[in-house]
Amino acid sequence: MISARRLERRPGARSLFDRAIAARAIVDSFVKLDPRRQARNPVMFVVEVGAVIVASFFARDLLAGGRDVGFDFAIAVWLWFTVLFANFAEAIAEGRGKAQAEFLRRTKSDTRARRIVHDREEFVGAASLRAGDLVRVDAGELIPGDGDVVAGAAAVDESAMTGESAPVIREAGGDRSAVTGGTRVLSDTIQVRIGSDPGESFLDRMIALVEGARRQKTPNEIALSILLAGLTIVFVLAVATLGPFSIYAGTVQSVTVLIALLVCLIPTTIGGLLSAIGIAGMDRVLQRNVLATSGRAVEAAGDVDTLLLDKTGTITLGNRQATEIIVPTGVDPAEATRAAFFSSLPDETPEGRSIVILARRDASVVDDNSVPTGATFVPFSAYTRMSGLDLADGSAIRKGAPDAVRAWVRERKPEVAPAEDPLALTGEVERIARAGGTPLLLASDRRILGVIALKDVLKPNMRERFERLRAMGIRTVMITGDNPLTANAIASEAGVDDFLAEATPETKMGLIKREQELGRLVAMTGDGTNDAPALAQADVGVAMNSGTQAAKEAANMVDLDSDPTKLIEIVEIGKQLLMTRGALTTFSIANDVAKYFAILPAMFSIAYPEMQALNVMHLATPQSAILSAVIFNALIIIALVPLALRGVAYRPRGANAVLRDNVLVYGLGGILIPFVGIKAVDLILAALHLT
Amino acid sequence: MNAFGWLQATVFFGLVLVLAKPVGLYMARVFEGERTLLTPIFEPLESAWYRLCRIRPEREMGWATYLFSVLAFSAVGLAYLYILLRTQKWLPLNPQGFDNLPPDLAWNSAVSFMTNTNWQFYSGESTMSYLSQMSGLAWHNFVSAAAGIAVAIAVIRGVSRTERTTLGNFWVDLVRACLYVLLPICIVGSLAFAWQGMPQNFAPYHTIATAEGAPQTITGGPIASQEIIKELGTNGGGFVNANSSSPNENPTPFTNLLEMLAMFLIPAGLTYTYGRYVKDQRAGWAVFAAMSVLFVAGFSAAYWAEAAGNPIVHHLGVAGPNLEGKETRFGVPASALFGTISTDTSTGAVNSMHDSWTPLGGLVPLVNMQLGEVAFGGVGTGLYGMVLFIVLTVFIAGLMVGRTPEYLGKKIERREVQLAILGVLVLPLFALVPAAVSILLPIATATLGNAGVHGFSEVLYAFTSTTENNGSAFAGLGGNTYWNTVTGITMICGRFLFIVPAMALAGALAQKKAVPQTAGTFQTTSPIFVLLLVGVILIVGALTFFPADALGPVVEQLLMLEGRVQ
């Protein structure tokens, strides 16, 4: 969802017809009349050719004094409008996309870079940087291009890309080395190795996706274009042969009328809006602060069958929290709470802090003044898997992984304290682990004092989201480094369909390949360099902007907000994109029924007055009937521009329900609406005495 | 319309429904080489034939090889029949001593039977020797039907297979279709027909004196054996000119029922075969249901129009239904039913003259063909025609659920759409364009039996019928060199230019990976999908031909209601 903040800031959230964008779109509509551009769209090309022919007939009749000058003029004008409206739809979608992209590009354009060549520095324009160049960026300067930090560390303001005002740390090596062009260094100095040639950065690629001229058609768009071109040929055959048929029938039809019929029959509604739909889809992705490298990737998102979601950060809040402390028989709960409290006070990890918060709830037991003096904090290390306190009196407190703590208890010198059962609380430890929590064993010298239960906290509403995904037919798989027991518990609590426990980059890759073997399309998010192969293998790979350059290069989308749940929204945008195309195609074809009932009686009722029986709309005159159909055909394009730009209403449901509703709205609606529309236009024409 | 008429239709359709499963199941077993009841009888024959022709049945073909085999086989068959018709005078079994056919008529007739059209610019009983009938025409009745079935089976395999490049062996499918499917049914059927009184002899025609004393020639010949394959193979070429309205070809109401059943038997059975192959019987029944909707709608319209009769005739004081051109032995319902079935399939046999139906009634056979003959359709051709429409429907409807469209686990993408739309283009191209050219050519219009609107309807019907390989006619066209040549071309183009994209589509589908079905995939077996499929067929067909039909039967009907003919 778009937050309120972004609504203010993002140009894409402007009203549908922003005045400046609309003004430029109107100009562009005329520029796009260039037949070389129209040829990209066979349906509209046919309309333009028709418009040229009718206009030339009009010109000839005007000079020679023909009979139907007024009618030819009206048809010609509305055919040109049909082409212009389609152009306008594309132009306005482009305009909105460009505004969005330019907003991102603005910061980028004037940047100057300090390039390091053989230990000497030189100033060059950011645009002349090549992949592999090394640049130095000081505090207060803009980073000239996407790349990786190779030396130093700095606080970087990435708000231009993400809208997030808090600076982030970027440092050489590790998973936080990637920097994005156009972001600003706030402190320190870093050296950056530029990762891509100009024109190939994510932003440049994204801009290409919303600019009509440079836009590549997506596979589905190509397939649909073929269908539309095929239908256009069918109608060209139907109308062209109608000429000779009507000559035989003794009711010769003018070329103008035949062209009017042809334009009404070919699928101009979808033909005119097709590219606008595609561009608007990219624009919607951009509005969500996601950069995509290709339209294909967004389309593929709609097809995704399996979603791989990292547990931490996506399904659960990042941190585990202490929920309870359980003591064995014979231990005073107050003593255990105190030990937990003391040993966690100096512990800065989120888990440690949550233990402090839990202990403080029991104010009678714990107060900050009773902290023992002279104690040394032993921080957590991956080797000991424990942390704790060494007290001044030689005794010690440890908390940590149960097996590590038990081993520690066993190894404590016997002279310090008498041994007690080191296996106490085994059952409790297992129970907590099975429930998806992390048990921390707490011990003082040779006594097990208790077990602290740490639990993953699910993000709110995740279960509903997964249910929605399931209704859409998408399987969710949780990826976690936890052991299978813990993973299973969290998976069932969150409502995901499956999980991959103790995940490594290799097992993750294996899972993707297995799913793909079964014919499933896989989407995933990732940020680390070791995620890169999996991101590349996945059909839809979304890299977090906070991740490494390698991850971003491998992915086909980058989320500037670094929000892993964004993947779900991207899937919905992809689906909506395809649905809009299908709905408008159905609508466009269904429209033809009414147009026949308007035009055919008008064409033939002079020779066969009986044909008036088919004039079910009771249109005033043959000429007004034909003109009304042409005008309706042009206006419906403009009327549907908002729908094309916004996409059809989408609610995540099963495919059968979606199909039924859309067939009703766009299929049945597509048959009925033009009857009303054409009649309305005819009434207006009659009222204005234009027929 | 009356209850008895509806009862006839209901009984007929009930029988189709009952027979579809066993016939379909049998065909699935036959084409997968499984054992059937008839294996012990035909298996030795089959293997002997393979040895003789050096066919290696286990060697499967890719779509291109399969297609090439179909084309090569048809070309050789065409040449053979042409030569036979041009030389029949000097060949045996010609008791009436009929002359050789002229080149243009031989061309037209040879193409007609090779393409399973059976358009006839001749009268069988006064043109064709018994040898030509049996070893030329009837032979093609068998093999053109078998070739159609083979292509359908290849297309079905294409839909059902995943990640494969082959679609079966054409020669094997062809032999099995003839041997296991067509031949046994024909043996039983021709015996039944002969029992009902159909002639089956090699005798010369009898000339007898009628009660009035005038001489009348009674046609003889091997009619019963030819009649059954005419219907079963959805061929439709009559032994005699009057086709199934003649007592020689259709002596009793029972033979009428059998003939109608024979036309739907294999096409309806193939829908079950289809479900069997794709391992989802509901998919087969969905196809069956869509076909049934089109059939029932067509019959109802035709029956209604014919039962309502002709107001012009009513004004003359003759009340009742339109009986012009109908056999009173069959009446309105059985005529409307036969005509609907004959044009729903690619048979084109008639038991009444479609030319004499009311304009609206006559529009039904015309529209049946314009929709691509997919309401059960020709043997094989109906099913693979339907697969093309399914691809289009799935593509348009599938987008509306927000996924790349899928059918039975296969993604429908650019290539599939391309091939399906190519197939759809064939009919308008070869039905409308030659009609538009012909209608303005004096050489063509000179032989028209009717002037004005009805003359146009006849031309439109002729090109629709030949392109769709139906073979029924509104008559009215004189068979001269022009018509013989041009309709020969439209028959060839209509058949093979459709088979090419159908086979390529099968090849493309066979190579696809299977995609698992999820809640995000819409069911292609639901009633809503069946309705969508019917909608797409109607809209594509109606939108293409509506303008032409409007100038033909539609305006004729409106004129008739006003009491005019011109």
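Order of the sequence lines sets the chain letters (A, B, ...), proteins ahead of strands, with each chain counted from 1.
- Of the two parts of Ser246(A), the backbone and the side chain both hold a non-hydrogen atom closer than 4.5 Å to a non-hydrogen atom of chain B.
- The part of Phe235(A) that comes within reach of chain B is its side chain, from C-beta onward, which places non-hydrogen atoms under 4.5 angstrom from that chain.
- To the nearest 0.5 Å, the span separating CG on Asn220(A) from CD on Glu413(B) amounts to 9.0 Å.
- Options Ala229(A), Pro244(A), Gly519(A) differ in how many heavy-atom pairs under 4.5 Å they form with chain B, and the most are formed by Pro244(A).
- Checked against Ile233(A) for a side chain to side chain contact (heavy atoms under 4.5 Å, CB included), the options Leu429(B), Leu425(B), Ile421(B) give a single hit: Leu425(B).
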*Steps toward side-chain contact (heavy atoms from CB on, under 4.5 Å) verdict (Leu432(B), Phe245(A))*: CA-CA 10 Å; Leu432(B) 288 177; Phe245(A) 294 164; 3.9 Å; yes
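- Annotation: the span from Thr586(A) atom OG1 to Met400(B) atom CE amounts to 3.5 Å, rounded to 0.5 Å.
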*Does the side-chain contact (heavy atoms from CB on, under 4.5 Å) test come out yes or no for Arg520(A) and Val515(B), once each step is laid out?*
CA-CA 6 Å; Arg520(A) 298 197 179 113; Val515(B) 179; over 6 Å; no
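- Atom CZ of Phe395(B) is separated from atom CG of Leu224(A) by 5.0 Å, given to the nearest 0.5 angstrom.
- Heavy atoms closer than 4.5 Å to chain A are found in both the backbone and the side chain of Thr544(B).
- When heavy atoms are compared at a cutoff of 4.5 Å, Phe604(A) approaches chain B solely by way of its side chain, counted from C-beta outward.
- Between the side chain of Tyr248(A) and the main chain of Gly452(B), a donor-acceptor pair closer than 3.5 Å is present.
- Across Leu578(A) and Arg403(B), no two heavy atoms sit closer than the pair CD1-C, 3.4 Å.
- Looking at Val648(A), neither its backbone nor its side chain comes within 4.5 Å of chain B, counting heavy atoms on both sides.
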*CA sep, side-chain torsions, deciding dist, call: Val663(A), Leu531(B), side-chain contact (heavy atoms from CB on, under 4.5 Å)*: CA-CA 10 Å; Val663(A) 166; Leu531(B) 278 181; over 6 Å; no
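- With a 4.5 Å cut-off on non-hydrogen atoms, Gln516(A) touches chain B through its backbone but not through its side chain.
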*Please step through side-chain contact (heavy atoms from CB on, under 4.5 Å) for the pair Leu543(B) and Ile589(A), ending with a clear verdict.*
CA-CA 9 Å; Leu543(B) 291 183; Ile589(A) 297 170; 4.1 Å; yes
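- Here CG of Asn662(A) is found 11.5 Å from CZ of Phe522(B). Values are rounded to the nearest 0.5 Å.
- In this structure, CZ in Arg415(B) is found 14.5 Å from CD1 in Ile222(A), a value given to the nearest 0.5 Å.
- Only the side chain of Leu440(B) comes within contact range of chain A, with at least one heavy atom under 4.5 Å from a heavy atom of that chain.
- Contacts of Ala249(A) with chain B are made by side-chain atoms alone, with heavy-atom separations under 4.5 Å and no backbone atom involved.
- Interface residue Leu600(A): only side-chain heavy atoms are found under 4.5 Å from chain B.
- The contact between Arg470(A) and chain B is made entirely by backbone atoms, counting heavy-atom distances below 4.5 Å.
- Distance check, rounded to the nearest 0.5 Å: CG of Leu558(B) to CG of Leu614(A) gives 5.5 Å.
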